[in-house]
Amino acid sequence: MGTVDDGWGAPYDELTYIDAYEQLEMALLEPLDRVLDKANVEEFRPKFKNQQNPKNKYKKKMSADEEWKNVVYGFGTTEESELSDHESRKHYFQPPLQMQRNSFVKNVLMSFKRSSGMDITRLAVMGCGEMSLEKGICEYLGSFGTINVLSVDIDPVTLSVGQQLLEKYLNFHGDVLAAETGLPVLMRSYLGNILEPDHRFADVDAIVSLEVVEHIPLEDAKKFVNNVLGVLMPRIFIFSTPNHEYNAVFGMKPGEFRHDDHKFEMNRKEFSDWLEELSVRFPHYQIDKPHYIGMTNGYEDLSGASQAAVCRLQSDLNTTLPQNVTPYETVGHVACRLGSRLVAYNLVRDAFLEWLEKTEFRESELRKDGYTPYWSFNVAHILHHLHAPVSFTSTIDEKVASKYIQGMSSQKVFLDCSHGINGIGISLYQPKEDLIATVRKNAMKH
Ligand SMILES: C[S@@+](CC[C@H](N)C(=O)[O-])C[C@H]1O[C@@H](n2cnc3c(N)ncnc32)[C@H](O)[C@@H]1O
Ligand SMILES: [Mg+2]
């Protein structure tokens, strides 16, 4: 890999890409420690909490909250008001709070990558839940220089839902992701308790844990954070938790928690005191003052709905956790195939050039059914000249390859599907040398 002058993108060469793809395919063949029962995503949505505790679904919510919504937005009760998770009533925040938290993480990681000049090769998400963050940031993973994402959660049902939603997302956005710059990313999920450190999570550059600590008793939550900063020691750690004072905005009574499963909620002073304590205890981390996420007009004095900590490792310390400490079980893996379009394009280009050099254009094979005499060639034959593992070449579609060839030849080649195959046509009056020169010139840059 070359150096990046402005800290963005990554000028990987073809070989690096192909190697990465090959490694990815191998990793996807590794057996999982456990296969999770497939959870029913439809039933599970919209909130995991209701699913775990179906009674909550029918609990009537306070009217103060509904009144507030009426006042501010002029609409009445919706299904959302039946949710036990107050903040997820999306009308409070535009964009939704969850999305704002994800983009906060994206921005912090982007600037961390830029200022440190180092790739965030491995990124871990602890208490990943439905993998909202994973979905939200996958298109940026190339800019971070990420090739591995590790996600862990203790709840197999949530994890199964997360896996399914992530896979759906990756498939649906496959084309966009393929056009992004970056190496392919292996996204692996683990079943485990974040209170127990696992060496694979000690070996990462960044750890993110959004809205998780408050779901664990305070003492354990502190133990978890101490483990991250003292044992796992990532280069950057980001975690968030609700700002309890902000519950007033949702029309909640003082002391009432935002979510039934919360074991504690902190006000701004408690959270900032916690971060002070951490700074003293872990002097090798520089810990920012709390960041606030999710604002509502008229409530500026309450700062924001979520409070987040950003901790950056100051010295070149590494974990002392032994490699054989791996309590988490691997339960899934999926590929985010960033950059594959560029690789495919350049491979097709090399194949086309090689084919052009080796193929004789014989007079006897000229077709005369067109406006001018031309040769028609089967694209499949050109693709025999692809030099890459089958696992990759098999993902290159013939039709798409024909379009690439048409583009790289500056339209000096035309698409010819008139003979029942994916073909390209080359006119008798198109000099071969000129065609080769054009294709050489039209390399797509990483
Ligand atoms: C409110 S959800 C947040 C999910 C996700 N981070 C997000 O931002 O959407 C909290 C998650 O923490 C997980 N969790 C709670 N205690 C845990 C533990 N001890 N180990 C691992 N995960 C835990 C829960 O299963 C749940 O999925
Ligand atoms: Mg929560």
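Read the numbers this way: they start at 1 and go in the same order the structure lists the ligands and their atoms. No experiment lies behind these values; they were computed from the predicted model shown.
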Is the shortest side-chain N to carboxylate O distance from Asp175 to Arg341 below 4.0 Å?
no

Any nitrogen or oxygen of Asn193, side chain or backbone, less than 3.5 Å from one on ligand 1?
yes

Tell me which part of Cys128 gets within contact of ligand 1: side chain, backbone, both or neither, using heavy atoms under 4.0 Å.
backbone

The NE2(His262)-the Mg ion (ligand 2)-OE2(Glu214) angle, to 10°, is 100°

Please list, in number order, the atoms of ligand 1 under 4.0 Å from a heavy atom of Glu211.
1 (C), 2 (S), 3 (C), 10 (C)

Using a 3.5 Å cut-off on N or O atoms only, is Asp153 in polar contact with ligand 1?
yes

Hey, are the side chains of His262 and His215 touching, using non-hydrogen atoms and a 4.5 Å cut-off?
yes

Is the closest N or O pair between Ile216 and ligand 1 shorter than 3.5 Å?
no

Is the Mg ion (ligand 2) under 2.8 Å from any N, O or S atom of His259?
no

Under-4.0 Å heavy-atom contact with ligand 1, by part of Gln98 that carries it:
side chain

Using side chain to side chain contact (heavy atoms under 4.5 Å, CB included) as the criterion, point out the one residue from Val208, Val228, Asp205 that pairs with Pro234.
Val228

Atom indices of ligand 1 within 4.0 angstrom of Gly127 heavy atoms, with elements:
4 (C), 5 (C), 6 (N), 11 (C), 12 (O), 22 (N)

Heavy-atom count check: over 12 atoms from other residues, nucleotides or ligands less than 6.0 Å from Lys399 NZ?
no

Indicate yes or no: does an N/O atom of Ile154 lie under 3.5 Å from an N/O atom of ligand 1?
yes

For the residue pair Tyr328 and Phe201, is the inter-centroid distance of their aromatic rings smaller than 6.0 Å?
yes

Exactly one candidate in Gln98, Glu211, Gln100 meets side-chain hydrogen bond (donor to acceptor under 3.5 Å, both in side chains) with Ser306; the answer is Glu211

Lys/Arg cation over aromatic Phe144: Lys113, 6.0 Å, 45° cone:
no

Considering both backbone and side-chain atoms of Leu195, is one of its nitrogen or oxygen atoms within less than 3.5 Å of a nitrogen or oxygen in ligand 1?
no

